[in-house]
2 protein chains.
Amino acid sequence: MDGRKQVTGDRLLLAAIDLISAKGYNGVTTEEIATTAGLTEKTLFRHFGTKLNLLESAFERFHYAEEMKILFKEKLEWELEADLLTICRAYHEIMNRDRKLVLISLREQVLLPEFKKRMHQHPLQLLDVLTNYFVEMGERGRMIRANPRMHAFTFMMAHFGAFINDLDSGRNYPDITLEPFILESVKLFARALTP
Amino acid sequence: MDGRKQVTGDRLLLAAIDLISAKGYNGVTTEEIATTAGLTEKTLFRHFGTKLNLLESAFERFHYAEEMKILFKEKLEWELEADLLTICRAYHEIMNRDRKLVLISLREQVLLPEFKKRMHQHPLQLLDVLTNYFVEMGERGRMIRANPRMHAFTFMMAHFGAFINDLDSGRNYPDITLEPFILESVKLFARALTP
DNA sequence: GAATAATGTCAGTAACTACTGACAGACATA
DNA sequence: TATGTCTGTCAGTAGTTACTGACATTATTC
């Protein structure tokens with residue numbers, strides 16, 4: 001049990017993620033992936049059998065995080081603006097961590113329908129957590145009480161949109177960067193939702 | 001000058017848009033496109049020469065709209081909530097009109113970098129229009145005056161996110177539909193930005 | 001009815017690509 | 001040293017696919 005096998009596998013998986021996120025699944029050849037990983041096409045097939053299984057393994061191994069709920073059940077302080085900031089920082093952190101996989105799952109939905117669902121678990125969980133948080137804040141009289149789920153959804157969509165917009169890093173809006181956007185959007189939502 | 005040639009070309013372009021948006025550029029063959037259009041592969045190549053040129057022609061012919069600025073210089077009534085509603089309805093209308101092309105330009109950025117830029121003109125224009133509108137509303141004392149561009153950007157990102165989320169129509173958030181979201185988000189922003 | 005333009009038919013090419021088999025060399029462990 | 005595990009080499013297969021040429025067919029126009 002030396003780690004050679006695992007190291008080799010990981011190098012292939014990382015090369016696959018890099019190249020497929022850059023050029024698309026059908027835009028990359030198995031040979032290209034293997035040589036990028038410093039290995040042979042033969043080795044690639046010995047490890048993963050098929051090209052599709054390579055991509056599936058990449059999702060299996062390199063996507064973490066079902067830990068959203070716990071994450072900030074502990075960190076919230078029932079102060080709207082501060083909590084919104086915590087929450088959306090966590091969101092961007094998680095999305096950015098699996099940035100390339102998100103890109104792939106967006107583009108290759110046809111190939112991997114089940115993985116799109118899996119990637120979608122995070123946002124779904126976040127929406128639940130955020131909705132519950134809004135409900136409780138409302139009960140405590142610290143937030144307006146109309147439509148908490150839709151408010152949470154709007155907040156998430158704003159940050160989802162900004163994330164997607166930033167994904168290709170094509171600097172679509174040259175005068176706007178992520179961090180000021182986070183701060184200002186949190187302020188805006190805090191103002192909108194404070195009684 | 002009978003219209004046969006143009007009709008044939010259009011059928012090929014529409015079939016190409018349908019199939020490429022569904023399966024990706026490399027996931028569709030020229031033969032598939034031709035037969036879907038009820039024509040022959042040979043005819044496809046007689047019209048467009050290459051597969052890539054077919055896709056490029058699809059963008060040339062089927063993407064309209066540089067008319068954003070004029071569109072609602074006329075329709076605005078300097079009533080924040082009503083105007084936000086007008087604006088974001090226009091946004092969704094435009095994005096939905098070229099829905100499939102948006103999808104393609106998101107996915108095939110590598111193949112068509114210049115088309116991504118072109119599709120991006122709409123949002124950019126909208127951001128400008130919206131920013132100017134916010135500035136003037138501020139001067140009229142009908143809106144808070146801090147950071148109009150970032151506020152406009154946040155509003156757009158919320159709707160961009162919702163649009164993207166809706167693009168694959170996979171019903172990602174089963175209890176949320178577009179129209180209620182539009183109404184509630186407009187309310188929310190109006191509340192946040194009213195002095 | 002003849003000329004013209006557009007499309008179909010069919011066979012084929014050249015390039016690519018996922019994937020395989022046989023064999024040999026490297027490297028660790030024992 | 002011997003053995004097993006992992007990887008490289010190389011040649012090759014079978015399937016796919018963008019794209020072409022020669023010729024026949026259909027529809028339109030005059």
Side-chain angles (χ1 to χ4, degrees), chain A residues 1-61 104 107-113 115, chain B residues 1-61 104 107-113 115:
Chain A
M1 71 165 75
D2 60 346
R4 263 192 302 166
K5 191 165 179 179
Q6 166 151 5
V7 169
T8 299
D10 284 2
R11 278 163 66 190
L12 286 167
L13 293 174
L14 291 173
I17 292 174
D18 275 358
L19 290 174
I20 293 176
S21 71
K23 305 165 144 204
Y25 179 81
N26 285 315
V28 178
T29 69
T30 49
E31 195 191 12
E32 206 177 349
I33 294 172
T35 59
T36 299
L39 297 162
T40 321
E41 204 187 358
K42 186 76 208 182
T43 304
L44 187 156
F45 282 101
R46 274 199 273 249
H47 274 253
F48 297 104
T50 71
K51 186 186 180 187
L52 189 60
N53 185 55
L54 170 65
L55 180 54
E56 285 172 349
S57 302
F59 272 81
E60 302 279 354
R61 186 155 332 161
I104 294 174
R107 280 207 298 232
E108 278 5 291
Q109 295 177 25
V110 180
L111 286 167
L112 328 136
F115 285 104
Chain B
M1 73 164 73
D2 62 343
R4 263 194 301 168
K5 193 167 178 178
Q6 167 152 4
V7 169
T8 301
D10 284 2
R11 277 164 66 190
L12 286 166
L13 293 173
L14 290 173
I17 291 174
D18 275 359
L19 290 174
I20 294 176
S21 71
K23 305 166 145 204
Y25 180 81
N26 285 315
V28 177
T29 70
T30 49
E31 194 191 12
E32 205 176 350
I33 294 171
T35 59
T36 299
L39 297 163
T40 321
E41 204 186 359
K42 184 76 208 181
T43 304
L44 186 156
F45 281 101
R46 274 200 273 247
H47 274 254
F48 298 103
T50 72
K51 185 186 181 186
L52 189 58
N53 184 54
L54 170 66
L55 181 53
E56 285 171 350
S57 302
F59 272 82
E60 303 279 354
R61 186 157 331 164
I104 294 174
R107 279 206 298 232
E108 306 315 330
Q109 294 177 26
V110 180
L111 287 169
L112 329 136
F115 285 104

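Chain letters run A, B, ... following the sequence lines, proteins first and then strands; every chain starts at 1.
Using modelled atom types, no side-chain atom of Tyr25(A) and backbone atom of Arg107(A) make a donor-acceptor pair closer than 3.5 Å. Under a 3.5 Å cut-off, the side chain of Thr40(B) and the backbone N or O of Thr43(B) do not form any donor-acceptor pair.
Atom CG of Asn26(B) is separated from atom CG of Leu111(B) by 6.5 Å, given to the nearest 0.5 angstrom. Note that the NE2 atom of His47(A) and the OG1 atom of Thr8(A) stand 5.0 Å from one another [nearest 0.5 Å]. A distance of 11.5 Å separates CG of Leu12(A) from CZ of Arg46(A), quoted to the nearest 0.5 Å.
Between the CG atom of Leu44(B) and the P atom of dT9(C) there is a distance of 15 Å, given to the nearest Å. Distance, Asp10(A) CG to dC6(D) P: 15 Å, rounded to whole Å. Atom-to-atom, CG of Leu39(B) to C1' of dA5(C) comes out at 15 Å; the value is rounded to the nearest Å.
Using a 4.5 Å heavy-atom threshold, the side chains of Leu44(A) and Ile33(A) count as touching.
Across all strands shown, Gly38(B) has heavy atoms under 4.0 Å from sugar-phosphate atoms exclusively, and none from any base. The residue Thr40(A) sits close to a base: some heavy atom pair falls under 4.0 Å.
Considering only side-chain N and O atoms, Thr43(A) lies under 4.0 angstrom from the phosphate OP1 or OP2 of dG8(D). Using a 4.0 Å cut-off, no side-chain N or O of His47(A) falls inside it from OP1 or OP2 of dC6(D).
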5' to 3', nucleotides 17-22 of chain D under a 4.0 Å protein heavy-atom cut-off (B base, S sugar-phosphate only, - none) gives SSBBB-

